[in-house]
Amino acid sequence: MRGRTRDEVGWVKAHGGAGVTSLVEVLGGVDVGVRWPDPGRGEPRRVVLVGRTSANGLRSVSQALRALEEGHAPRGLDLVCVVLVADAPGLLPLALLRRIRIVRSVARVHRLPWIPAWREGGQPRRLPAQLDRLGALVGAGADTERRGRR
């Protein structure tokens, strides 16, 4: 990760399979794994926490946010938002929507729909508008045009 700028966005996985690899491919930034980056060591200070909308994914997101809030993360981090990637097509059950409301009470939440092409390791023919909005939020809006938008 050395050589990256601290102003570049760092994508933090709340759990394995969160969707960070696909987001980095489309929007750029640094995949820092399942840990908080350390700006004091030259790692990104602006972070996006990513998790799936499953019960386990939302639990992992909540645990990561709690660790950040309780000071169990390096100093100087700026949480841009939490990205919740749909874990399946269709509407979410009410119980999961309630959990998202709780997450939304402590952090800005950006939801992404189910993207079938990502399941097979490809890119969709057309990226959903939610990715454009997320790109603008993290400072990568122009990159979506260069990375496969048709």
Enquirer: Could you tell me which non-hydrogen atom of Arg46 sits nearest to which non-hydrogen atom of Leu137, and how far apart they are?
Expert: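 Looks like NH2-O, 3.7 Å.
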Enquirer: Might you point out which heavy atoms bring Pro44 and Gly10 nearest each other, and give the distance in Å?
Expert: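 Pro44 and Gly10 have their closest heavy atoms at CB-N, 3.6 Å.
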Enquirer: So, Glu8 and Arg45, do they make that salt bridge, N to O below 4.0 Å?
Expert: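 No, this pair does not count.
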Enquirer: Examine distances only and state if a side-chain atom of Glu43 and a backbone atom of Pro37 form a donor-acceptor pair shorter than 3.5 Å.
Expert: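 Not a single qualifying donor-acceptor pair exists.
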Enquirer: Do other residues, nucleotides or ligands put more than 12 heavy atoms under 6.0 Å from Leu94 CG?
Expert: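 Yes, enclosed.
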Enquirer: Would you find a donor on one side and an acceptor on the other, under 3.5 Å apart, between the side chain of Trp36 and the backbone of Leu77?
Expert: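 No, because the side chain of Trp36 does not come within donor-acceptor range (under 3.5 Å) of the backbone of Leu77.
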Enquirer: Using the rule side chain to side chain contact (heavy atoms under 4.5 Å, CB included), only one of Val48, Val30, Val47 pairs with Val9; which is it?
Expert: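 Single side chain to side chain contact (heavy atoms under 4.5 Å, CB included) partner of Val9 among Val48, Val30, Val47: Val48.
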Enquirer: When clusters are formed by joining ILVMFWY residues with side-chain heavy atoms under 4.5 Å apart, either directly or through shared neighbours, do Trp114 and Val50 land in the same one?
Expert: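 They do not share one cluster, since no chain of ILVMFWY contacts under 4.5 Å joins Trp114 to Val50.
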Enquirer: Test Ser60 against every option in His15, Arg52, Lys13 by the side chain to side chain contact (heavy atoms under 4.5 Å, CB included) rule and name the one that passes.
Expert: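 That would be His15; it is the only one of His15, Arg52, Lys13 passing the side chain to side chain contact (heavy atoms under 4.5 Å, CB included) with Ser60.
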Enquirer: Would a distance-only check, ignoring hydrogens and angles, find a side-chain to backbone donor-acceptor pair under 3.5 Å from Ser22 to Trp118?
Expert: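 Checked: no pair found.
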Enquirer: What distance do Gln123 atom CD and Ile115 atom CD1 have between them, rounded to the nearest 0.5 Å?
Expert: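 Reported to 0.5 Å precision, the distance equals 8.0 Å.
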Enquirer: Which atom names give the shortest non-hydrogen contact between Gly51 and Ala14, and what distance separates them?
Expert: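 What the structure gives for the nearest pair is CA-CB, 4.4 Å.
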Enquirer: Rounded to the nearest 0.5 Å, what's the gap from CG on Leu65 to CG on Leu79? Could you check?
Expert: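 The CG atom of Leu79 is 6.5 Å from CG of Leu65, to the nearest 0.5 Å.
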